[in-house]
Every structure is written in C-alpha cells, then in structure tokens.
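One structure is given here, and the rest of the page talks about it.
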Amino acid sequence: MRIGTAKQSYAHDESLFDTRTQWVWLATLGIALLAFPFVANDYWLYLACLVAINIASATGLNILTGYTGLVSLGQAAFMGLGAYTVAIFEQRFGTPAVLNLLAGGGVAMLLGGVVGIPSLRVKGLYLAISTIAASFILHFVFANWTSLTGGTGGMTVPPANFFGIPLDTSFRLYWLVVPVALTMLVCAANLFRTRIGRAFIAIRDRDISAEVLGIPLLRYKLTSFALSSFYAGVAGGLWAYFFRVVTPESFPLMMSIFFLAAVIVGGMGTILGGILGAIFMTMVPEVLKLIVGWLPLGGEGAVILSPVRTIVFGLLIVGFLIFEPLGLQELWRRVRRFFHLWPFRAQG
C-alpha cells in the first residue's frame, strides 16, 4: 500500500515538474518573441512574419486533414479569398485591420462550408479533387471579376492601420501578424479539449463508428471545413497586409501543396506538427535560394530555383511518408524523451 502511495506521489511530483517546465518554456518563448523585433534585421523580420502567416494557415489545414481526416488541396484558394476580402475592405471602407481580418476569415468560412458538402459522400482522392475544382473556380473569379478584384492586375492593399499608426514596415507588421497567429494557435489547441474537437478526432479515426455513436457527420465535417477555411482566410488577410499586393497568381495550387507538405512533414494531428512543418517548409526555399546563390550558375539560378523547389517539396512529402509518417513532432518527442531519460538508460 505504501509502495503504491509512493509511486502515486512520484508521478504527481513528475507531473508538476513537467507542468512547471512547460510554463518556463512558454515564458521564455514569450520573452524571445517580444525581444526578437528589436534585435533582428529586416530580413529576419520578414521571415518571422512569413513563418507566422504559414503557421496560421497550416494549423487550419491540420484541423481539417490532421484531426478530421479530410484531405484538401484548396487552402491557397481560401487564403486568396481572405486576402481579396481584406483588400476590398481596406480600399473601399477603410475599416480597422482586425475587423478586415475577421471579415476575410468569415467570407472564407462561409464558402468553406459550401465546399465541404461533398465530404459526406466522397473521401480521400475524390475529396481532394473536389477541393482542387473549388480552387480553380475561385481563381477564375479572381481573374475575371474585374470590377471587384481588379482582374489579372490584382489589387493594391493599403497598409494596416492601428490607432492611426500605419503598419508599413516589417517591424510594425510583426506586432500584428505574430499576435494574431499566436491567438489562432491557442484557440486551435483549446478546440480539441471540447466536444467539437473530440468529434473531429472520432470522425478521423472511424467515421462510421462515430455516426453510430450519435455524431452527426455532415454537421461536424462542415464545421471542420469552415474552421479550416476561416484560418486560411485570416492567414490570407495577413498575407495581403504583408505583401501589399494581391493578384490571382499570388495563390496558386502549388501553395496548397506547400501547406499539405507542411502538415505531413510536421506531423498530422498535432498542433506542434503544424508549427514545425510550417517553419521547416518556409525555410526550405530560403536554404535552396542560398545554395543556388553559391553555385556558379550566373543568371540561370533564378530560372532553375522554382522547379528545384517543387521537386524538393515532393521528395520531402514522399520521404517523410516512408521513413517518418508521424513527422517532425515525433522526432522532437524522441529527442526530448532521450535526453530526459538518458542518465537512467545509461545505467540500465
């Protein structure tokens, strides 16, 4: 009886230690994020904002694909919808940036719910094809509804405004992009502690069993599509504020493949996986650009960079699916476990 009590006490103390460690890491991360823009140059601020935008969008796709098991290749199109909504609201109404971002997410969410209707009847490849069809339709609308979207020439987005301060530099935009992305991450993490999040996971694991248990599949699948599209719309709005120009070519199908690769590489069905995947996949093109710059290719470097990047994305997806299906988050978990238990393993 005493042994059992001792074990319980040890487990309780270990749990408290883990909780305290997590809070220490979170506090350290918060301090680092606050200090980062004051010590980083424009290039690193650019990368930080781009990573935050990609994390927001990848997290949305992870809700749909990783947690609900519904494949989508339309994430870039919903980002475009959010970006155009923000551009229109900024140009025509001059409303605050936060309201514009919510509007962009709301418009994308409504259309995402409509696009998700086929998910009740089709799965896997067929569902992915239906989302590709939706992205082609949206691309056609962006390019041809000239009176609203500016056609192929696109739209120029005025800088976001915060209490009369224009957010027209990477330093100033950092204080919009990063807090919004962090808020979306916290909301996503808490979502899966609710009944809605648990219903998503049940549908992913076995949708027929979930339906037998009384989970209405259509409602929750549409909810998952809507939430994923909302995240994409807000990320697209941040993208519009960041790059200040929105065109139909800004959100190609390749971008949707990029986010799917980020979810697969990072680890589907985990918040950390979306974060790690987005960071990794954002840095891959930068590393490739650096490598191509070192090679003696002259003016041909920029020409070969795009196809090389596409090939690398494909190889990364295939490689992680074969060698580490659980992604970077599983590698990170193994490293943490190894260093946490290393002295005891050495003795054993």
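These numbers come from a predicted model, not from an experiment.
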Report yes if some heavy atom in the side chain of L50 is under 4.5 Å from a heavy atom in the side chain of F243; otherwise report no. yes

What verdict does the side chain to side chain contact (heavy atoms under 4.5 Å, CB included) test give for L70 and L127, after you've listed the backbone C-alpha separation in whole Å, the side-chain angles of each residue and the deciding distance to 0.1 Å? CA-CA 8 Å; L70 303 174; L127 182 59; 3.8 Å; yes

Non-hydrogen atoms of G274 and N62 that approach each other most closely: N-ND2, 3.7 Å

Just by modelled atom types, is the T156 backbone N or O under 3.5 Å from a matching donor or acceptor in the Q91 side chain? yes

Of all heavy-atom pairs between Y174 and P179, which one has the smallest distance, and what is that distance? O-CD, 3.4 Å

After noting the C-alpha distance and the side-chain angles of I201 and D205, does the key distance pass the side chain to side chain contact (heavy atoms under 4.5 Å, CB included) rule? CA-CA 6 Å; I201 295 172; D205 292 341; 3.6 Å; yes

Show, in sequence, the C-alpha distance, side-chain angles and deciding distance for R334 and E324, and conclude whether the salt bridge (charged side-chain N to carboxylate O under 4.0 Å, His left out) test is met. CA-CA 12 Å; R334 291 177 184 173; E324 188 48 85; 3.1 Å; yes

Evaluate the criterion side chain to side chain contact (heavy atoms under 4.5 Å, CB included) for residue pair F230 and L102; output intermediate values, then yes/no. CA-CA 8 Å; F230 177 83; L102 290 175; 4.2 Å; yes

Is a donor on one side and an acceptor on the other found under 3.5 Å between the side chain of T270 and the backbone of G267? yes

Residue pair A160 / L176: nearest heavy atoms and the distance that separates them: CB-CD2, 4.1 Å

I need the L217 CG to D207 CG distance, nearest 0.5 Å. 6.0 Å

Assigning hydrophobic clusters by single linkage (Ile, Leu, Val, Met, Phe, Trp, Tyr; side-chain heavy-atom cutoff under 4.5 Å), is V245 placed with L238? no

Check whether any side-chain heavy atom of D168 sits under 4.5 Å from a side-chain heavy atom of R172, and report yes or no. yes

Are any of the side-chain heavy atoms of L227 and T223 separated by less than 4.5 Å? yes

Just wondering, do M184 and T59 contact through their side chains at under 4.5 Å, heavy atoms? no

Donor-acceptor pair, distance only, cut-off 3.5 Å: does the side chain of T194 make one with the backbone of L191? yes

V180 with L99, same ILVMFWY side-chain cluster at under 4.5 Å: no

Under a 4.5 Å side-chain heavy-atom rule over Ile, Leu, Val, Met, Phe, Trp and Tyr, are F323 and L326 clustered together? no

Taking side chain as C-beta onward, heavy atoms only, is C49 less than 4.5 Å from F171? no

Just wondering, do F251 and F142 contact through their side chains at under 4.5 Å, heavy atoms? no

Using ring-ring contact (aromatic ring centres under 6.0 Å, His included), reason through F242 and Y46 one step at a time and then give a plain yes or no. CA-CA 9 Å; F242 187 58; Y46 161 84; 5.5 Å; yes

Once you round to the nearest 0.5 Å, how far does CG of L167 lie from CG of L173? 5.5 Å

Please state whether the rings of F320 and F280 are parallel, tilted or perpendicular, taking 30° and 60° as the class boundaries. perpendicular

Is it true that a side-chain atom of R198 and a backbone atom of R193 form a donor plus acceptor pair closer than 3.5 Å? yes

Go through the structure and list residues passing side-chain hydrogen bond (donor to acceptor under 3.5 Å, both in side chains) with Y241, not counting sequence neighbours. E90, N100

Treat each ILVMFWY residue as a node, draw an edge where side-chain heavy atoms are under 4.5 Å apart, and state whether L45 and I31 are in one component. no

First locate atom CG of L73, then atom CD1 of I129, and finally report the distance between them rounded to the nearest 0.5 Å. 9.5 Å

Distance (rounded to the nearest 0.5 Å) between S229 OG and L64 CG: 7.5 Å

Please report the closest heavy-atom contact between S250 and W239, naming both atoms and the distance. CB-CH2, 3.4 Å

CG of L213 to CD1 of I208: how many Å apart, nearest 0.5 Å? 12.0 Å

Cluster overlap V186 with I275, hydrophobic side-chain contacts below 4.5 Å: no

Heavy atoms of other groups near W145 CH2, more than 12 under 6.0 Å: no

Where is the tightest heavy-atom contact between A188 and I63, given as atom of each residue plus distance? CB-CD1, 4.3 Å

Hey, could you give me the CG/CZ distance between L101 and F89, rounded to the nearest 0.5 Å? 11.5 Å

Evaluate the ring planes of Y67 and F192, with Trp represented by its six-membered ring, and classify them as parallel (under 30°), tilted (30 to 60°) or perpendicular (over 60°). parallel

Of all heavy-atom pairs between M281 and L316, which one has the smallest distance, and what is that distance? SD-CD1, 3.8 Å

Do K221 and L218 come within less than 4.5 Å of each other through their side chains, counting heavy atoms only? no

Counting only heavy atoms not in Y126, do more than 12 fall under 6.0 Å of its OH? no

N54-T282 side chain donor-acceptor pair, cut-off 3.5 Å: yes

Please examine the side chains of M255 and Q75, heavy atoms only from C-beta on, and report whether any two atoms are closer than 4.5 Å. no

